[in-house]
Amino acid sequence: MSKTKYVFVTGGVTSSLGKGIIAASLAKLLQTRGYKTTIQKFDPYINVDPGTMNPYEHGECYVTNDGAETDLDLGHYERFLNIPTSQANNVTTGRIYQTVINNEREGKYLGKTVQVIPHITDEIKRRMLLLGESGEYDVVITELGGTVGDIESLPYVEAVRQLRWELGIDDTCVIHLTLVPYLKAAGELKTKPTQHSVKGLQELGVQPDILVCRTEHKLTPEIRKKVALFCNVNQNAVIESIDVSSIYEVPLVMLKEKLDKVTLSKLRLSTKTEPDLDKWKDFLFKLRHPKWEVNIGLVGKYVELQDAYKSISEAFNHAGAMNECVVNVHSIHSESITKDNVADKIKDLDGVLVAPGFGDRGIEGKIATIQYLRENNIPFFGICLGMQCAVIEYGINVLGLKGAHSIEMSPRTKHPVIALMESQKKVKNKGGTMRLGAYDCDITKGTLAHKVYGKVNIKERHRHRYEFNNKYKKQYEEKGMVMSGINPTNDLVEIVELPDHPFFIGVQFHPELKSTVDNPHPLFVKFVKASLENTK
Ligand code: GLN
């Protein structure tokens, strides 16, 4: 195929309608029909990236192989498509303005007034086309963050309007996701919010080709007809997106509604090859028909927020399906755990994951949890800060290093077993300056990590400033902790484990970011397996 086609996904009425999942589902259907497809997200906020926002603001910060800190929707894209995303897949208003302002300072617009139109919109368009210009993709799906009608979304909608004319109407397709609410008192589905939000788009010069209607009840033929008539779309382009119990069902629901077919015919692309969804269906079957059940604790400080550990909970879904079991994830606030109540908090759990994080809030609870898991042979899996806490706990309770801690929480500790990385010492800015992205890790043969991965060279993604302090390495090893994964270039400890324990492993990286439906992450798969074996 010669020309790249562009699909734009906008949202109306309210946020949180699941644009990311719809975009990822459509991409999955196109991909399984043989079209090389990628997705990118444009976010209308002014932060250059979400890296400095806390999870309460933004949910999880997803990290790509090339070290971009991005929106969590990119996690969905990767989990659905099983192909890596990159910095180019997530653009924010902050990044657009930063580029334009840098250009202005360099004198690239010399003599001109720099304006939202054309300079900002040109930069948006340039970035919208970037992935397509690589020649790697048949279809590029662009999700616009925010809701149509927001002031901050205006330049993006304008960029879409311009691109439709520049690229040609047959090479672009606009899908608008809206809400069709059900009024209980009237016993009716209501189309007016959809009509208004489409009108909002039309006023900006953009006519959507397809409407995806999020709804709690089935759309009747009359409702479809009405929406089509008032919004200028074909009736077959009114797609019902009914609530389902798992995000992984959405591609099949969209297949049934023919979202892929309607999109392809709009783009003048062949619909001859049917999507090959055997693997996906196999995964879904296992997800829906578990044979066993396992209870896993997730100890963290953002547990009240559903999106804060998104990739971790999805990785558990993938690993559960692999193990043919349902994984009940029990969130426990680390601040609520003390040495005295830890036994009680953990008594019904088969395994515990100690979550990543920053700062000292809840740190004592994490350490108390790990000590209990270690001493009582309960499977433990620590990620990033979770691994660092395992090192601290072992230092205090096994090595007898009184007051051992991380420099992050206790800058004057006598035993900085977790220290600031050398490369971080000169860093002043907070944004984008952590150790980010994929790095190599060499695994020692015969260790648990080796058994889990089945190989000795791996690459995993990172997001941290602190590391295991190698000055203490010998002491730890003498007392039985095995440093089973090491970065070959700078000797940084990436994996720690305890051989005399059914399953005790901590990793400095974030394996959850690489778990996909097609490739569940081995660490999660084996941790769930170990927890299953521990079921009481
Ligand atoms: N706060 C720790 C560090 O910066 C751990 C980070 C994390 O858990 N992602 O090293």
Side-chain angles (χ1 to χ4, degrees), residues 49-56 58-65 67-70 72 75 298-303 305 307-313 315 334-335 352-367 369-370 380-393 395 404-411 413 416-439 441 460-470 472 485 487 490-496 505-515 521 523:
D49 60 44
T52 57
M53 286 187 234
N54 85 34
Y56 293 112
H58 193 265
E60 167 188 280
C61 177
Y62 189 78
V63 180
T64 59
N65 277 338
E69 297 179 282
T70 72
L72 57 79
L298 170 63
V299 174
K301 65 172 175 173
Y302 303 112
V303 289
L305 195 86
D307 279 351
Y309 302 112
K310 194 87 209 159
S311 294
I312 290 178
S313 48
S334 44
E335 272 182 309
V352 176
L353 185 150
V354 177
F358 296 85
D360 64 354
R361 193 162 65 89
I363 204 85
E364 293 309 323
K366 288 185 173 176
I367 294 171
T369 304
I370 296 169
F380 159 73
F381 183 12
I383 297 183
C384 209
L385 183 60
M387 169 257 187
Q388 296 175 356
C389 287
V391 168
I392 296 166
E393 188 278 318
H405 221 306
S406 163
I407 291 279
E408 181 183 8
M409 339 292 167
S410 176
T413 168
V417 291
I418 302 294
L420 189 63
M421 278 183 275
E422 203 46 48
S423 55
Q424 287 288 324
K425 289 191 176 150
K426 284 191 213 79
V427 169
K428 288 223 162 54
N429 280 355
K430 291 277 183 248
T433 55
M434 280 188 250
R435 178 174 182 249
L436 292 165
Y439 287 95
C441 169
E460 291 281 5
R461 297 184 198 170
H462 299 72
R463 185 173 188 247
H464 65 122
R465 292 189 203 280
Y466 298 85
E467 63 175 340
F468 177 79
N469 186 344
N470 275 332
Y472 290 90
N487 175 285
N490 58 8
D491 226 22
L492 190 145
V493 171
E494 301 275 23
I495 311 178
V496 304
I505 198 160
V507 296
Q508 185 57 77
F509 45 80
H510 291 265
E512 72 276 20
L513 303 175
K514 280 180 75 172
S515 187
H521 197 287
L523 272 168

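In each ligand, atom 1 is the first atom listed, and ligand 1 is the first ligand listed. Since this is a predicted model, take the numbers as computed values, not measurements. In this chain, numbering begins with 1 at the start of the sequence shown.
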Identify, with sequence neighbours excluded, every residue that meets ring pair (Phe, Tyr, Trp, His ring centres under 6.0 Å) alongside His510.
-> none
What salt bridge (Lys or Arg N to Asp or Glu O under 4.0 Å) pairs are there with at least one residue in residues 419-433, not counting sequence neighbours?
-> Glu422-Lys425
Distance in Å, Ile383 CD1 paired with Glu460 CD, rounded so as to fall on 0.5 Å steps = 9.5 Å
Could you give the distance from CD1 (Ile495) to CZ (Phe509), rounded to the nearest 0.5 Å?
-> 4.0 Å
Can you name the ring pair (Phe, Tyr, Trp, His ring centres under 6.0 Å) partners of Phe380, sequence neighbours left out?
-> Phe504
Counting only non-hydrogen atoms and a 4.0 Å cut-off, the residues near ligand 1 are Pro356, Gly357, Phe358, Cys384, Leu385, Gln388, Glu408, Arg463, His464, Arg465, Tyr466, His510
To the nearest 0.5 Å, what is the distance between CZ (Arg461) and OG (Ser311)?
-> 9.0 Å
